[in-house]
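Below: one structure, written as structure tokens.
As a basis for the values below, the full set of heavy atoms in this structure was taken, side chains included, without hydrogen atoms, waters or symmetry mates. Below, chains carry the letters A, B, ... as their sequence lines are ordered, and counting in each starts from 1.
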Number of protein chains: 4
Amino acid sequence: MGGIAVDRLRSVIERVERLEEERKALAGDIKDIFSEAKSAGFDVKTVKDIIRLRKKEPSEIEEQETLLDIYRRALGM
Amino acid sequence: MGGIAVDRLRSVIERVERLEEERKALAGDIKDIFSEAKSAGFDVKTVKDIIRLRKKEPSEIEEQETLLDIYRRALGM
Amino acid sequence: MGGIAVDRLRSVIERVERLEEERKALAGDIKDIFSEAKSAGFDVKTVKDIIRLRKKEPSEIEEQETLLDIYRRALGM
Amino acid sequence: MGGIAVDRLRSVIERVERLEEERKALAGDIKDIFSEAKSAGFDVKTVKDIIRLRKKEPSEIEEQETLLDIYRRALGM
């Protein structure tokens with residue numbers, strides 16, 4: 001491999017490693033926020049459910065909840 | 001590595017490979033059942049939600065749904 | 001939901017649950033084999049590497065090892 | 001839920017959502033670097049292998065490669 005290619009390869013590797021470090025730091029920050037939320041008395045599972053719901057359109061949520069309700073009733077749950 | 005160790009190593013590998021094959025076959029069977037359910041007009045996401053719910057105690061489901069409801073109301077969702 | 005649909009839904013759910021149980025049992029069996037291999041003195045990580053290699057064609061393995069070697073040398077590793 | 005708790009819950013949710021956005025952006029950046037590396041003629045799988053190797057101590061790499069070599073020879077691979 002020529003010197004220029006090696007420099008380029010090294011640059012690729014180092015940039016990816018830096019971004020992976022940042023990603024790991026963000027994952028740690030998210031974990032810390034949930035720990036803090038738990039200490040403040042919130043239920044972390046429910047908070048995560050809320051975050052998941054907020055990614056959906058209200059009409060999508062309603063449709064899915066209606067369907068789930070129909071299936072549960074049908075099965076006597 | 002002695003001959004007995006090699007035989008034993010080979011046996012370990014082959015047994016794991018066989019079980020992995022079976023596991024892959026089961027994953028295919030599950031996928032087929034969901035395809036069949038979809039063809040029969042069922043909503044696959046909802047069926048999966050039902051299967052997930054059935055793994056929980058009714059009291060656990062109720063508690064989680066009550067909490068989610070409280071959080072949603074609090075946030076005006 | 002009509003009675004026939006409910007029966008069909010129930011059948012779908014129960015078949016999936018049975019297959020999931022089998023899948024979980026297989027995962028347990030695989031874990032047991034690795035525990036047994038470890039007790040017999042084998043290095044489990046290496047056994048898993050071997051199983052991964054056996055899924056590839058020898059020519060594919062050789063090509064990937066040659067490339068990795070070139071990159072490592074280029075980087076002075 | 002009291003007003004202060006609601007504000008705090010909202011703050012938790014919004015901070016997590018912001019960090020998740022950043023995390024997604026970083027994942028996109030990493031993907032872009034690999035695309036760029038591929039366009040420059042590098043083998044992406046090998047680059048990823050190199051990044052994985054760089055996380056390990058040289059002595060750990062050597063030990064694992066020695067073991068893998070022993071197992072491969074023993075199995076006639």
*Could you give me the CA-CA distance, side-chain angles and deciding distance for K48(C) and V16(B), then say whether side chain to side chain contact (heavy atoms under 4.5 Å, CB included) is met?*
CA-CA 9 Å; K48(C) 288 182 178 172; V16(B) 169; over 6 Å; no
_Which atoms of I30(B) approach chain C - backbone, side chain, both or neither, heavy atom under 4.5 Å_ = both
*Report the C-alpha distance between E36(C) and R15(B) in whole Å, list the side-chain angles of each, state the deciding distance to 0.1 Å, and finish with yes or no for side chain to side chain contact (heavy atoms under 4.5 Å, CB included).*
CA-CA 12 Å; E36(C) 179 205 311; R15(B) 279 183 293 150; 3.0 Å; yes
*Give the member of E22(C), R18(C), R54(C) that has the highest number of heavy-atom pairs under 4.5 Å with chain B.*
R54(C)
*Got a second to check how far K24(B)'s NZ is from L26(C)'s CG, nearest 0.5 Å?*
13.5 Å
*Please look at K55(B) and chain C and tell me whether the side chain, the backbone, both or neither of the residue comes under 4.5 angstrom of a heavy atom of that chain.*
side chain
*asked:* Please classify the contact of A27(B) with chain C as side chain, backbone, both or neither, using a heavy-atom distance under 4.5 Å.
replied: both
*Please round to the nearest 0.5 Å and tell me the distance separating atom CG of D29(C) and atom CD of E20(B).*
12.5 Å
*asked:* For the CD atom on E62(B), are there more than 12 heavy atoms of other groups (residues, nucleotides or ligands in this structure) within a distance under 6.0 Å?
replied: no
*asked:* Tell me whether K38(C) at atom NZ has more than 12 heavy atoms from other residues, nucleotides or ligands lying less than 6.0 Å away.
replied: no
*Among S11(C), A25(C), A5(C), which has the most heavy-atom pairs under 4.5 Å with chain B?*
A5(C)
*asked:* Working to the nearest 0.5 angstrom, can you tell me the gap between I33(B) CD1 and I13(C) CD1?
replied: 11.5 Å
*Is atom CD of E63(B) surrounded by more than 12 heavy atoms (other residues, nucleotides or ligands) closer than 6.0 Å?*
no
_Measuring from atom CD1 of I50(B) to atom CZ of R10(C), what distance do you get when rounded to the nearest 0.5 angstrom?_
10.5 Å
